[in-house]
Protein chains: 2
Amino acid sequence: MRATIREVAREAGVSPSTVSRALSMPEMVNPTTRERVLRAAQRLGYAPNRAARGLITGRTGNIGLIVPDLANPFFPSVVKGVQARAREADYAVFLADTDEDPTAEVGLIRVLGKQVDGLILCSPRAREEEIRDLCESTTLVMVNRRFGSVPSVVFDNVDGMRQAVAHLQALGHRRVAWVGGPRTSWSSRDRLRGLRAATAAAGMELVVAGHFPPHFEGGVAAADLIIASGVTSVIAYNDLMALGLLGRLRDRGVQVPEDMSVIGIDDIQMSAMSAPALTTVSLSKAQAGRAAVDLLISLLEQPEGVRNARRELPTQLLVRASTGVAQTN
Amino acid sequence: MRATIREVAREAGVSPSTVSRALSMPEMVNPTTRERVLRAAQRLGYAPNRAARGLITGRTGNIGLIVPDLANPFFPSVVKGVQARAREADYAVFLADTDEDPTAEVGLIRVLGKQVDGLILCSPRAREEEIRDLCESTTLVMVNRRFGSVPSVVFDNVDGMRQAVAHLQALGHRRVAWVGGPRTSWSSRDRLRGLRAATAAAGMELVVAGHFPPHFEGGVAAADLIIASGVTSVIAYNDLMALGLLGRLRDRGVQVPEDMSVIGIDDIQMSAMSAPALTTVSLSKAQAGRAAVDLLISLLEQPEGVRNARRELPTQLLVRASTGVAQTN
DNA sequence: ATGAAAGCGCTAACAC
DNA sequence: GTGTTAGCGCTTTCAT
């Protein structure tokens, strides 16, 4: 059995409260005593029982992280960021994957919410009202989604789309297609909004190809529509879909970038490894994870004192081989 | 504030103990009473406080999962399996990523170990003796590694390598290279062992190209050695590396599969999407995760009663376009 | 079958 | 600055 605070107290010749203080509020205890206590704790390999502590403080030292699908490389990157930052702040991370199912998502938020101090929802698919409800009973931070005053970390999609469109325009493209992600995805809508603004400003024509699953296969499925639409360039909701596009375009004999320029979003590892390498709007995924933890912690520690519970992270176009000069036609 | 067991008790007109029993040991309570209690609990939205329960039962209902690097798609798949099975069994999962650092790994096992009922170590990189030590104080299950009598879930690497070699032999190859993973990886050693046996049995020559980081870049780095070695076929420690090989081979003008056949291991999503698609030894990653949870739970629930704490999962060669008939030369 | 009481390990008032 | 006391929410003897 692990050592308890009483044993440490006995070993150090002090009372349990002093041990507790020496560990949690070192300033409030005499340096000599503190030293003695710390030594005793060390000797016994003592670590406070977090459950017991939580019972009284009402805080668990845990945070929950809910993602739609770990199989999409975007999410593991965010998770790594959350992980790393949480560990620094001495929080442990509960992870749950919803398999893109909004119902499961709500259930998980409910369940996990009881075991943690706060929750990070990454690209949540649930309806706004449900998340608003959940907000009442749990401290939560959204990543990659924003509405109302729910604390959130998002990427500057509008600027990302602006960069992508500027790039295509510079290459001489006049018509660009958008391959949208899931209907439930806020960022898909937000990116389309940015794209609308950017193409309008640039005087380019935008063809919207609707919603597709955010996977490789989604991109494959979209490719033929894109070819048929007669555009010379296409931006996909994410890199996975852009890679699917690349694959199907090649199978159809459409050369990239000669016949078609392709841009993805996310900058997943694989985007640099495809042939041709994928031009993409790079998102600092791990940093988003870290920012979400920072935000959550500040919310937890000064519930009212948080000035601005909204972070927006910059985006950066990475030009690679999948975009090129438009063919004159 | 959430409802407590006393409020439910009052609402139902019974004592707290009865409520506790009605929930945890339904058989031991009068059906009528039970019904009344359940209704009251329902009405108040009661859910037991797991910390308080844990304090007394000594069990947290949590399991920990430690992986070397979520950025390698192999691991998210395992995590999904662990996740899913744990949720079914009403366990929550703590996740930690060590960034391939054995020291961090040991530290994390220590820390996480105190907050969970048991730990799953996926492809642990620590030294055997350290893990053996840790075993004393924590219930743990390893995935993708095996030694001593530590409970483990592994893949049948030997048979996987046999299938791969048989495939290459059938295609007329006589010389095959092995691109190894990290020195700290047990499965890398185990696969090499299987490969040695298989090539010897098949009368094929094996060229071992040493250890490389288990990433795309590791494969890129290995490619030139492989070309120089004069083999006609190569098996890589994992798909990521095999994809790196594919990329560098193309850049060097080596045609796959005409000039070189390439086989990976893992069957990550991307392996099916590359051009050419990658022949690979498929591992049921999610199933390994589920099996690990099952094993852990049985260990937890009948500490002594577990007959065999070792699972070995089958492997299956998936033939795709990256392997072809050997050029006569 | 149910209730009363004790206590898991810890922290937070409140004394001193 | 330190010890004493009470009690967080729950389960589990031990009575009844």
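Keep in mind that the numbers below use all heavy atoms, side chains included, and drop hydrogens, waters and symmetry copies. Note on naming: letters A, B, ... go to the chains in the order of the sequence lines (proteins, then strands), and numbering restarts at 1 for each one.
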key: Separation of atom CG in B/Leu55 from atom P in C/dC10, rounded to whole Å   = 9 Å
request  = Nearest whole angstrom, please: distance from the P of D/dC8 to the CZ of B/Arg2.
outcome  = 15 Å
inquiry  = Does A/Ser17 reach a base, just sugar-phosphate, or nothing at all? Heavy atoms under 4.0 Å.
reply    = base
message = Both B/Ile56 and B/Thr33 contact DNA chain C. Taking the nearest nucleotide for each, which residue is further toward the 5' end?
response = B/Thr33
inquiry  = Keeping A/Thr4 on the side-chain end and A/Arg6 on the backbone end, is there a donor-acceptor pair under 3.5 Å?
reply    = yes
key: Option passing side-chain hydrogen bond (donor to acceptor under 3.5 Å, both in side chains) with A/Gln83 (candidates A/Arg87, A/Lys80, A/Arg85)   = A/Arg87
ask   = Atom CD1 of A/Ile5 and atom P of D/dG3: how far apart are they, to the nearest Å?
value = 12 Å
task = Nearest whole angstrom, please: distance from the P of D/dG9 to the CD of B/Glu7.
result = 8 Å
inquiry  = As a quick check of understanding, evaluate side-chain contact (heavy atoms from CB on, under 4.5 Å) for B/Tyr91 and B/Leu296, giving each step before the final call.
reply    = CA-CA 11 Å; B/Tyr91 278 87; B/Leu296 186 55; over 6 Å; no
task = May I have the distance from B/Asn49 (atom CG) to C/dC10 (atom C1'), rounded to whole angstrom?
result = 14 Å
remark   = Result for 5'-nearest mapping on DNA chain D, choosing between B/Met25 and A/Glu27, is A/Glu27
key: Polar side-chain atom of B/Glu105 near backbone of B/Arg125 as donor-acceptor pair, under 3.5 Å   = yes
message = Main chain of A/Glu11, side chain of A/Arg36: is a donor-acceptor contact present, judged purely on distance under 3.5 Å?
response = no
key: Among D/dT11, D/dT13, C/dT11, the one nearest B/Ser20 by side-chain distance   = D/dT11
inquiry  = Given the structure, check if the side chain of A/Arg21 and the base of D/dG3 hold any donor-acceptor pair shorter than 3.5 Å.
reply    = yes
query = Of B/Ala52 and B/Thr18, whose closest DNA chain D nucleotide lies nearer the 5' terminus?
reply = B/Ala52
query = Whole Å only: how far is the CZ atom of A/Arg10 from the P atom of D/dT2?
reply = 20 Å
task = Send over the distance from A/Leu23 CG to C/dG9 P, rounded to a whole Å.
result = 17 Å
remark   = From the candidates C/dC8, C/dG3, C/dT11, the one with an atom nearest any side-chain atom of A/Pro16 is C/dT11
ask   = Can you check the B/Arg59 CZ to D/dC10 C1' distance for me, whole Å?
value = 15 Å
inquiry  = Which nucleotide wins on minimum distance to the side chain of A/Arg53, given the candidates C/dT2, C/dT11, C/dG9?
reply    = C/dT11
inquiry  = The side chain of B/Thr4 is closest to which nucleotide in this list: D/dG1, D/dT4, D/dC10?
reply    = D/dC10
